[in-house]
2 protein chains.
Amino acid sequence: MNELLKQNINKHVQFSASELEEFCKYFQLKTFKKKEHLLKQGDVCKFEGFVLNGCFRIFTLDQKGSDNTLYFAARDWWLMDNDSFMHQNPSHLNMQALEDSEVLMINRTDKLMLYEKLPIVEKLFRVMSQKALVAWQRRLIRNHCETAKERYQNFLSTYPSIASKITDKQMASYLGITHEFLSKIKKQ
Amino acid sequence: MNELLKQNINKHVQFSASELEEFCKYFQLKTFKKKEHLLKQGDVCKFEGFVLNGCFRIFTLDQKGSDNTLYFAARDWWLMDNDSFMHQNPSHLNMQALEDSEVLMINRTDKLMLYEKLPIVEKLFRVMSQKALVAWQRRLIRNHCETAKERYQNFLSTYPSIASKITDKQMASYLGITHEFLSKIKKQ
DNA sequence: ACAAAGAGTTGAACTAGTTCAATTTTTTTC
DNA sequence: GAAAAAAATTGAACTAGTTCAACTCTTTGT
């Protein structure tokens with residue numbers, strides 16, 4: 001069932017078979033209907049997830065009510081709100097299923113326990129976080145030096161399977177432009 | 001000498017006195033003259049640093065030759081290029097001293113050894129990376145939902161000591177605007 | 001199957017931010 | 001302390017992206 005999770009882990013850090021077993025056995029399969037929220041802004045995040053099937057959108061609503069998409073999590077992606085999970089304060093993020101989805105979830109207590117019990121879990125999340133950091137830094141730079149059209153085209157070619165699952169409005173929110181402008185870009 | 005480093009570590013993860021000693025003894029003090037580079041784009045990053053005094057600017061030059069500032073590292077900040085350090089490929093980043101500076105540096109071999117020898121070091125960098133990730137996500141959102149003027153004012157009030165050390169050109173490059181436009185913002 | 005809501009398109013007027021070029025001010029260098 | 005280099009300012013013309021409003025097309029719920 002969680003072969004995909006095991007493969008994902010081993011892409012980052014080499015776990016032994018027994019470490020894999022021990023780590024993975026705390027994950028439970030949960031299903032989400034389209035539009036259902038895995039996390040809502042204001043809630044405290046008490047779990048982390050790994051997407052087996054489907055797709056989620058992770059976004060925040062700011063004071064002015066505008067909708068900013070941080071990222072999309074499809075098959076083989078992790079779902080977490082590091083800030084709320086770490087400090088147990090209300091989350092700024094929403095995680096909503098874009099289609100019926102399956103997620104392997106681990107609750108906070110078990111994850112904290114595993115950090116202690118299985119030192120390699122520290123390493124796994126250290127490596128994953130450092131890789132994610134690099135990706136976020138690149139994205140910020142690209143937002144500065146590329147036009148909206150370039151960013152749109154890059155997204156299409158980098159994440160074709162995600163692009164096909166999302167609406168133009170969600171795409172525009174990810175790119176940081178209005179959906180009207182995205183429509184004009186597409187026309188060209 | 002490296003009291004500041006020890007305090008910084010303990011802000012993230014509680015180390016025992018002996019762990020602190022063992023970890024810190026691998027750091028060496030290096031000094032950099034104003035304008036000197038700690039890392040140059042194209043070089044492979046073989047060390048990480050912690051700033052004791054002074055200030056660095058971390059930036060990239062893209063194809064078009066334009067200068068993008070990722071962040072400034074002043075006293076009590078870490079300097080690292082996770083991407084190049086992890087994969088030992090040529091760095092995309094420049095790290096340049098904005099004034100005469102002192103940095104505690106650890107080389108790659110020692111750091112990799114310490115990850116193995118002292119499991120709490122994994123935890124330290126896991127926690128630091130997760131916090132940094134949250135900060136980068138926030139910065140991206142702010143770049144989307146705030147105007148250049150708002151971002152400028154936020155920077156001034158959040159990092160007054162850094163703001164006083166950098167030129168307007170460097171500030172503009174951090175904010176993602178032209179220095180001409182920054183000058184017009186300031187006039188208001 | 002129909003009504004209602006949401007997503008996408010289009011156009012016109014607008015604004016935040018850019019580009020380029022000229023000028024002044026500040027800093028660096030010898 | 002003068003000369004050179006770099007930083008900052010200003011203005012005019014421009015452009016990428018926004019806003020608002022009207023309309024059409026698609027999806028959703030019952």
Side-chain angles (χ1 to χ4, degrees), chain A residues 32-37 54-55 57 59 61-69 72 94 96-100 140-156 162-188, chain B residues 32-37 54-55 57 59 61-69 72 94 96-100 140-156 162-188:
Chain A
F32 293 87
K33 290 262 168 227
K34 184 170 183 172
K35 291 200 177 169
E36 203 178 331
H37 279 254
C55 190
R57 183 169 74 100
F59 64 101
L61 300 173
D62 63 29
Q63 316 83 313
K64 302 160 198 160
S66 84
D67 171 315
N68 291 97
T69 298
F72 300 98
N94 299 280
Q96 188 183 24
L98 296 180
E99 57 186 26
D100 292 357
L140 191 101
I141 294 295
R142 289 191 170 177
N143 265 303
H144 283 170
C145 69
E146 290 176 3
T147 64
K149 190 177 182 181
E150 287 168 336
R151 282 179 277 141
Y152 171 62
Q153 290 169 335
N154 287 340
F155 189 91
L156 286 186
I162 291 178
S164 66
K165 293 181 178 187
I166 65 179
T167 65
D168 284 359
K169 230 174 166 176
Q170 293 164 344
M171 171 75 85
S173 152
Y174 175 89
L175 297 174
I177 58 177
T178 59
H179 66 283
E180 292 95 330
F181 188 57
L182 177 55
S183 175
K184 283 160 198 170
I185 287 174
K186 286 169 66 184
K187 222 176 102 183
Q188 295 170 19
Chain B
F32 293 87
K33 291 266 167 225
K34 182 170 184 172
K35 292 201 176 169
E36 202 178 332
H37 280 254
C55 189
R57 183 168 75 99
F59 64 101
L61 300 172
D62 63 28
Q63 316 82 313
K64 302 160 199 162
S66 86
D67 171 316
N68 291 97
T69 298
F72 300 100
N94 299 281
Q96 187 183 26
L98 296 179
E99 56 187 25
D100 291 357
L140 191 100
I141 294 295
R142 288 191 170 176
N143 265 301
H144 284 170
C145 68
E146 290 176 3
T147 63
K149 189 177 183 179
E150 286 168 336
R151 281 179 277 142
Y152 172 63
Q153 290 169 336
N154 288 340
F155 189 91
L156 285 186
I162 290 178
S164 67
K165 293 180 179 188
I166 65 180
T167 65
D168 285 359
K169 229 173 166 175
Q170 292 163 345
M171 170 75 85
S173 151
Y174 175 89
L175 296 173
I177 58 177
T178 59
H179 66 282
E180 291 96 331
F181 188 58
L182 176 56
S183 175
K184 283 159 198 171
I185 287 174
K186 286 170 66 184
K187 222 176 102 182
Q188 294 170 18

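Basis for what follows: all heavy atoms, side chains included, without hydrogens, waters or symmetry-related copies. Residue numbers start from 1 in every chain, and the chains themselves are labelled A, B, ... in the order their sequence lines are given, proteins ahead of strands.
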Can you measure B:Ile177 atom CD1 to C:dT19 atom C1' for me and round it to whole angstrom units?
14 Å
note: B:Leu175, atom CG; C:dT18, atom C1'; distance rounded to Å ~ 15 Å
Using a cut-off of 4.0 Å on non-hydrogen atoms, how would the nucleic acid contact of B:Lys184 be classed: base, sugar-phosphate, or nothing?
base
Rounded to the nearest angstrom, tell me the gap between atom NZ in A:Lys149 and atom P in D:dT15.
15 Å
Please confirm whether the shortest side-chain N or O distance from B:Thr178 to OP1 or OP2 of C:dG17 is below 4.0 Å.
no
Given B:Lys169, B:Met171, B:Lys184, the one that forms side chain to side chain contact (heavy atoms under 4.5 Å, CB included) with B:His179
B:Lys169
Contacts of B:Thr147 and A:His179 projected onto DNA chain C by closest heavy atom; the upstream (5') one is A:His179
Which whole-number value in Å describes the distance from A:Asp168 CG to C:dA7 P?
11 Å
Does the side chain of B:Lys34 get closer than 4.0 angstrom to OP1 or OP2 of C:dT28 through an N or O atom?
yes
So which one's nearest nucleotide on DNA chain D is more toward 5', A:Leu182 or B:Lys169?
B:Lys169
Tell me the interatomic distance from B:Ile166, atom CD1, to D:dA7, atom P, rounded to whole angstroms.
13 Å
A:Tyr152 OH - D:dG17 P separation (whole Å)
14 Å
It should be established whether A:Lys35 places a side-chain nitrogen or oxygen under 4.0 Å from OP1 or OP2 of nucleotide C:dA5.
no
How long is the line joining CD of B:Glu150 and C1' of C:dA16, in whole Å?
12 Å
Indicate yes or no: does A:Lys186 engage A:Asp168 in a salt bridge with an N to O separation below 4.0 Å.
yes
So which nucleotide from C:dT9, D:dT18, C:dT10 ends up closest to the side chain of A:Phe181?
D:dT18
